[in-house]
Chemist: 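Below is a structure I'd like to ask you about.
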Amino acid sequence: ADNSEIRFKLCQDLWHKIRVLQDELNRKILDSLLDFTRKCSSTRQHSDWASQMRASEIPTAALVLGVNVPDHDMTFQSLSELLQQSVTPHVASVQAKECGGEGLLALVLERLMDTVVTVDDEEEEETEQTSTQLHKSVHCSLSTLCDWYNAKTMKSKTGTPGKKRSSPVRDDPQQPPVVIIFKDLEAFNPKVLQDFILICSRYVERLPLMFIFGIATSPSTIQHMLPHSVSSLLCIELFQSLSCTQHLATVIDKLILTPQFPFKLNGKVMQVLMSIFLYHDFSVRNFIKGVQLALLEHFHSQPLSVLCCKKKEALLNVMQLSHHDLESIRHLLSFRRYVEKQEPQEQLNLFRDDTHLKEVCQKLIKDLRKYHKNYYPVLRCLHTLTSSLPRYPLGKQVRELHLICLEKNVWENEDYQTAMKSHLSPPESQTLNEVCYYSSSATVRRHLNATPRTSIQAALSSPYYYLQNESLKTEDGTVSNAAPDICIAYKLHLECGRLINLYDWLEAYATVVSAAEGNNPDSDNVRKVEEVKHARFIQAVSELEFLGFIKSTKQKTDHVARLTWGGC
Amino acid sequence: MAALLQHAGYEEERLLRVAQQMPCREVQAGMLLSLMGQPQQYSYPSIFIYGHRASGKSHVMHVLLKELELPHATVSCVECVSVALLFEQVLLSFFGCDAASLLPRSPSLSDFVRIYRQQCSQSPAKQTRYIVMEKAELLRDTDANLLPALLRLQELVEDNVTIILLSEIVWDKFRPNTGCFEPLLLHFPDYSKGELQQILSQDRHPSYTAEFYSSYINILLGVFYSVCRDLRELRHLAALNFSKFCEPLAEGKVKETDTHKLWRNIEPHLKKAMQTVYLREVSSLQWEQMQQMEEKESGALRGLSAHTHVELPYYSKFLLIAAYLASYNPARTDKRFFLKHHGKIKKTNFLKKNEKTSNHLLGPKPFPLDRLLAIFYSVVDNRVAPTASIFSQISSLVTLQLLTQVSHDDQLDAPKYKCAVSMDFICAISRTVNFDIVKYLYDFL
């Protein structure tokens, strides 16, 4: 259709808005970490008595992020970039699984010295390049790092006047701290971590080190992983990021409970996304991905989503709707409800006159916009009123109240004044709501909460569903002879018990396949199984074993054990 | 006291400076000096110094070597994960980086000895060279030939070199089975209370008198000596609490000599420090900030161990509960706990003879994935579809170290796990989902 390009562009705009929102999420905790880093590097340079006495400890930030480990990658990426831009260029992030072969120390050295090499590429002299390579083969120790660091700070002290720096001026040009970020502390081998800290504490006077620990469970992990003799070498300060539920509340505030964002989710879809969050993974990133999936599906499958945008644009797009689109408007459930309430003459007009319909649509779009503008403030008022009631009849969080309102008329819970009644009605009562509201919860659930086994079994028992080949069409429960080998083998094995005799299976398979090829099943040729069929059978059985439906067993020779029951 | 250190081979002023920097260690330093002898004389091939943490071993060695300007190489065995680093460090310190680069890629002991002999034939030692190895107990975990060879290094390289090993562990634990050249043993005993007083009073604050600081140290030791004799810890505590001690003086309420009033001011503060800073529950930064706040404002300090709460999603909690049940219930009892109609199980068959040890004392047992899922589906109250998210949660629990994977990574079809949480933790979690876990545990039948 014509408007697919417009829809694509709208979808892209909204997608981009969501991305921008994601980047903003961790702003507060990152700012406090940056402050901490700056403060550490400045107190180190004081020479008063107290600072001197404390100079032998390595300042450490313990950042508690929550159990949703995949969300942390983004946080650490932003943290790393912010540190490099505004505090110090010497930042190295390490993950536990990367420290396998060479060891933690070598990895840290590589990250620290390589990153700076690339930034200052233009001014790097030949000799320095070779010395960096020398380090990899000979000296993997912190004294190398100290020498390198001193060389770097000497150079920046003498200054390079005319050099254009793309990043803003760093705070501490004299002695920028060297920051090492441990992204997933619990996954590190405690012994490796302890040795690393012991080694670093010997060099703390020569090198201004600073650690950031990314903790997923709780701060008491530190005490479990590090004995007293090691944790006494660190000066640990605790930073708690927002809990996942608070995070989610922020995201919902900015993305859903706002009239600025034209795309909306209906009650069921919200419920699916919320339940995946609460029951499965506590991951805000996956929640946002779910919203993005719904966004994509809506703009792809609903041609009227061309009206799901800012008011001015929507009004313009209405005037450009094709006849086909106008017909689909006439078929919308909410529109038919609207028409039923009109005068008979008006009803005829709406059905016959396209121009008139367009005008009426413009008015309806404006009404929808006004509904949204009123809904959210009133929702928040209601939430403020009811959030501290005992036993939370209307939910504790705003999102719970929103879900209640999305499903049905909230005043059926209690009595309410007319103001609330008219503004907090569910969106299904508004005409043309299908334009903005995405309601296919089953699709979202199927995509986000995958059941791989069901998909595989569906593919094997009804291959037509995926392959869309006409010759594979059969009634339910049977499989066509022309189906792929693995489907035939699968169907046959379903009829067996716990242990399957391979030769019997082969014979049955050969019979079915011969019937497909048109040979008479009773003739003598078929008795001798051909080599090709044998090979095909073996391949099908191996694939079934790989997929986990059967496994080899020693209980009986030439038998395999069946692993799955039920299903189709 | 300074006059105790005398030796023919070294200048008097230098020895005086040395003695000033190591109070209360004159006896040990004197012993070391006589072992070292005059600089050009050979000394004993290996010396083993042992003593508790913060008893001054490294400090004494470094002061001696630095002040008397003796050629030395200091190696910390924590850094030397491979012997190559150790050899490099020694060659680097004595002969420069050219010699260090002569070492092949993974040098053996004979390579090291060969290169050392080459180098010292070009530049023989005019004074004894010392190799100081800190945290020497880690040498026991390296190749078995390294320690005996190092003890005899003087003989192997035919050079005037002495190895000094510093360790917290006694020599009896080092001795290899096949025997070795016995080093000379030198013990650094713990400091007594008086000695601690003397040493700590040396870092006095520049703006206060020595007696004032000394009385502060006296009070500090009075509170902490019974629980801590580690010099480093005490020094750290002294630094942190001094500003609070001086507070009434700074406010002008007391004079320097009013020890009783100062004591009353500082004593509750020190007691609180014993529960927080000493145990590293709060960082020194937080402690100082808390000191600067008013008494009324500072509420209870939340230490690191107070934060034990972990937020888990709903199904993950049930997965963890199922894992705990799988680890601590024997497999044959599953039918009784988790099937609705298990029929009558005779008590005599059920309780094996002589089974008195509680499973909780024996620790968690490994269980296969299938058993975990079977228990999970029976304890979860509503119907759960076997989606990919459930399986990925199991891996997340392993990453969080709440479950441990027992089977090898390569074994994909039958992974085995163990539950790694304590009873308190799992009880707290079960309470949040209204699941009475004690009812399902075999040990509490």
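By convention in this document, chain letters (A, B, ...) are assigned in the order of the sequence lines, proteins followed by strands, and residues within each chain are numbered from 1.
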Chemist: Do the side chains of A:Y279 and B:K317 get nearer than 4.5 Å, heavy atoms only?
Modeler: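 A side-chain contact is absent here, since even the closest heavy-atom pair is not under 4.5 Å.
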Chemist: Taking every heavy-atom pair that is under 4.5 Å apart, which of B:E311, B:Q393, B:Q401, B:H205 has the most such pairs with chain A?
Modeler: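 Of the candidates given, the most pairs with chain A belong to B:H205.
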Chemist: Answer with side chain, backbone, both or neither: which region of A:F36 has an atom nearer than 4.5 Å to a non-hydrogen atom of chain B?
Modeler: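 Only the side chain of A:F36 comes within 4.5 Å of chain B.
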Chemist: Checking heavy atoms, do the side chain of B:S316, its backbone, both or neither come under 4.5 Å from chain A?
Modeler: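 Both parts, heavy atoms under 4.5 Å.
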Chemist: Counting only non-hydrogen atoms closer than 4.5 Å, does B:F391 touch chain A with its backbone (N, CA, C, O), its side chain (CB onward), both, or neither?
Modeler: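 For B:F391, there is no contact with chain A at all, as no heavy atom is under 4.5 Å.
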Chemist: Can you tell me how far the OG atom of B:S396 sits from the NE2 atom of A:H280, to the nearest 0.5 Å?
Modeler: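 With rounding to 0.5 Å, OG (B:S396) is 11.5 Å from NE2 (A:H280).
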Chemist: Quick check: closest heavy atoms across A:F277 and B:P313, and the distance to 0.1 Å?
Modeler: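 Residues A:F277 and B:P313, closest heavy atoms: O-CB, 4.5 Å.
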Chemist: If you count heavy-atom pairs under 4.5 Å between each of A:I215, A:T245, A:I199 and chain B, which one has the most?
Modeler: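 It is A:I199.
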Chemist: How long is the gap from CD on B:E79 to CG on A:L198, to the nearest 0.5 Å?
Modeler: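 Here the rounded value is 10.5 Å.
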Chemist: For the candidates A:I236, A:T60, A:I222, A:L185, which exhibits the highest count of non-hydrogen atom pairs separated by less than 4.5 Å from chain B?
Modeler: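 Most pairs with chain B among the choices: A:I236.
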Chemist: Count the heavy-atom pairs under 4.5 Å between each of A:C235, A:A62, A:A216 and chain B, then report the option with the highest count.
Modeler: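 Heavy-atom pair counts peak at A:C235.
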Chemist: Taking every heavy-atom pair that is under 4.5 Å apart, which of B:D230, B:L397, B:L312, B:T399 has the most such pairs with chain A?
Modeler: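 Result: the option with the highest number of such pairs is B:L312.
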Chemist: Crowded around B:H52 NE2? As in, over 12 foreign heavy atoms under 6.0 Å?
Modeler: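 Count not over threshold, so no.
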Chemist: How long is the span from the CD1 atom in B:I390 to the CG atom in A:N449, to the nearest 0.5 Å?
Modeler: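 These two atoms lie 7.5 Å from each other.
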Chemist: For B:R53, is it the side chain, the backbone, both or neither that has a heavy atom under 4.5 Å from a heavy atom of chain A?
Modeler: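 Side chain only.
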Chemist: So, taking the atom named NE2 in A:H228 and the one named CD in B:E233, what distance separates them when rounded to the nearest 0.5 Å?
Modeler: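 A:H228 NE2 to B:E233 CD: 4.5 Å, rounded to 0.5 Å.
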Chemist: Tell me, side chain or backbone of A:Y203 under 4.5 Å from chain B's heavy atoms, or both, or neither?
Modeler: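 The side chain, not the backbone.
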Chemist: Supply the atom-to-atom distance A:S56 OG to B:R232 CZ, rounded to the nearest 0.5 angstrom.
Modeler: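 It is 8.5 Å, given to the nearest 0.5 Å.
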Chemist: Measure across A:L448 and B:S389 and return the closest heavy-atom pair with its distance rounded to 0.1 Å.
Modeler: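 Closest heavy-atom pair between A:L448 and B:S389: O-OG, 4.5 Å.
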Chemist: Quick one: pull up OG in B:S76 and CG in A:D195 and give me the separation to the nearest 0.5 Å.
Modeler: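 Answer rounded to 0.5 Å: 9.5 Å.
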